[in-house]
Amino acid sequence: MAEIKTPQFIQEINIFANGIGHLGVSDEFELPKIQFNRETLNAGGFEIDVKNGTFQKLEAKFVLKQYSKYVIEAMANAENAYFVAKGSVFSDGKAVPAVATIKGDFDLDLGSWKAKEQVKKTIEVKVKYFELEVDGKQFVQLDTKNMIAKINGKDLLAELRSNIA
């Protein structure tokens, strides 16, 4: 008999910068999309997309609903900036931690002021490092500097590193 799966819900998200400061609360944290580079080939009368073993650039984005001095401090040191988003994932009456760590250069949009509306600041990160853990298990680790692409524990770039070392 098939088991009915219940959806998972993100209960709350808090975002921290450089391990020193709480940036604030966010309703949404857009994690990097993990996309392979593909080439289109014509073969046997069909066009097919074939992976070339590399990845597209990584980007992340989130909107803060508070002003924080730590955002400006991180901007002053953008080359070494990193952000940690901590969420709580709820399903079947149980909540587990989810942690996303992102390092990279970033751009800051301070938004506009509108009377009687929440403060909104958008941060877009050009990701150099990304790690996602859920309930203590590492799902993804992407490290552009060290050519590491671990997905569910398997390093998809291990052969490439070995071949060119």
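The chain is numbered in sequence order, starting from 1.
Distance CG/Asp107 to CD/Glu124: 6.5 Å, rounded to 0.5 Å. In this structure, CZ on Phe16 lies 13.0 Å from CG on Asn18, to the nearest 0.5 angstrom. Separation of atoms CD (Gln141) and CD (Glu133) is listed at 9.5 Å; rounding is to 0.5 Å. Here the CD atom belonging to Glu28 is positioned 11.5 Å from the NZ atom belonging to Lys65, to the nearest 0.5 angstrom. The CD1 atom of Ile10 sits 12.0 Å away from the CG atom of Asp27 when rounded to the nearest 0.5 Å. Note that the CD atom of Gln66 and the NE2 atom of His22 stand 6.0 Å from one another [nearest 0.5 Å].
With respect to Asp109 and Lys120, no salt bridge is recorded, no charged nitrogen being found less than 4.0 Å from a carboxylate O.
A donor-acceptor pair is defined here as one N or O able to donate and one able to accept, closer than 3.5 Å; no such pair exists between the side chain of Asn152 and the backbone of Phe139. Not one N or O on the side chain of Thr101 forms a donor-acceptor pair closer than 3.5 Å with the backbone of Val84.
Of all heavy-atom pairs spanning Gly53 and Leu157, the tightest one is O-CD2, 3.6 Å. Contact between Pro32 and Ile102 at its shortest, heavy atoms only, is CD-CD1, 4.0 Å. Heavy atoms only, all atoms of each residue included: Val127 and Ala60 are closest at CG2-N, 3.8 Å. Scanning all heavy atoms of the two residues, the minimum distance from Ile164 to Met147 falls at CD1-CE, 3.7 Å. Ile13 approaches Ala85 most closely through the heavy-atom pair CG2-CB, 4.4 Å. Heavy-atom minimum distance, Lys121 versus Leu110: CD-CD2, 3.8 Å.
Hydrophobic clustering of Ile, Leu, Val, Met, Phe, Trp and Tyr side chains at less than 4.5 Å, counting indirect connections, unites Val96 with Leu132. Both Leu58 and Phe106 are assigned to one and the same hydrophobic cluster, defined by single-linkage of ILVMFWY side chains at heavy-atom distances under 4.5 Å. Under the 4.5 Å side-chain heavy-atom criterion for Ile, Leu, Val, Met, Phe, Trp and Tyr, Ile15 and Tyr129 are members of distinct hydrophobic clusters. Placement of Tyr82 and Val125 in two distinct hydrophobic clusters is found when ILVMFWY residues are connected by side-chain heavy-atom separations under 4.5 Å, directly or transitively. Val99 and Ile151 end up in different hydrophobic clusters when Ile, Leu, Val, Met, Phe, Trp and Tyr side chains are linked at under 4.5 Å.
Around atom CD of Glu159, no more than 12 heavy atoms belonging to other residues, nucleotides or ligands sit under 6.0 Å away. With a 6.0 Å radius and a threshold of 12 heavy atoms from other residues, nucleotides or ligands, Glu12 has its CD atom at or below the threshold. Within a 6.0 Å radius of NZ in Lys137, other residues, nucleotides and ligands contribute more than 12 heavy atoms.
Put simply, the residue from Lys126, Lys57, Lys128 that forms a salt bridge (charged side-chain N to carboxylate O under 4.0 Å, His left out) with Asp105 is Lys128. Phe130 pairs in a side chain to side chain contact (heavy atoms under 4.5 Å, CB included) with only one of the listed residues (Val140, Thr144, Asp143), which is Val140.
Note: Phe83 and Phe29 fail the aromatic proximity criterion, with ring centroids not under 6.0 Å apart.
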>> Checking Asp155 against Lys150 for the side chain to side chain contact (heavy atoms under 4.5 Å, CB included) test, could you report, in this order, the C-alpha distance in whole Å, the side-chain angles of both residues, the deciding distance, and whether it holds?
In response: CA-CA 4 Å; Asp155 189 346; Lys150 287 185 185 176; 4.0 Å; yes

>> Apply side chain to side chain contact (heavy atoms under 4.5 Å, CB included) to residues Lys94 and Asp135 and explain how you reach the verdict.
In response: CA-CA 11 Å; Lys94 180 182 174 190; Asp135 199 14; 4.2 Å; yes

> Passes side chain to side chain contact (heavy atoms under 4.5 Å, CB included), Lys61 versus Thr122? Steps please.
Replying inline: CA-CA 7 Å; Lys61 182 168 75 171; Thr122 303; 3.8 Å; yes

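Here Ile148 is tied to no hydrophobic group at all, with no ILVMFWY side chain closer than 4.5 Å.
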Please tabulate, for the side chains in residues 37-44, all donor-acceptor contacts under 3.5 angstrom to protein atoms that are two or more places apart in sequence or on a different chain.
unit_1, atom_1, unit_2, atom_2, d
Asn37, ND2, Thr54, OG1, 2.9
Asn37, ND2, Phe55, O, 2.9
Thr40, OG1, Asp49, OD1, 2.7

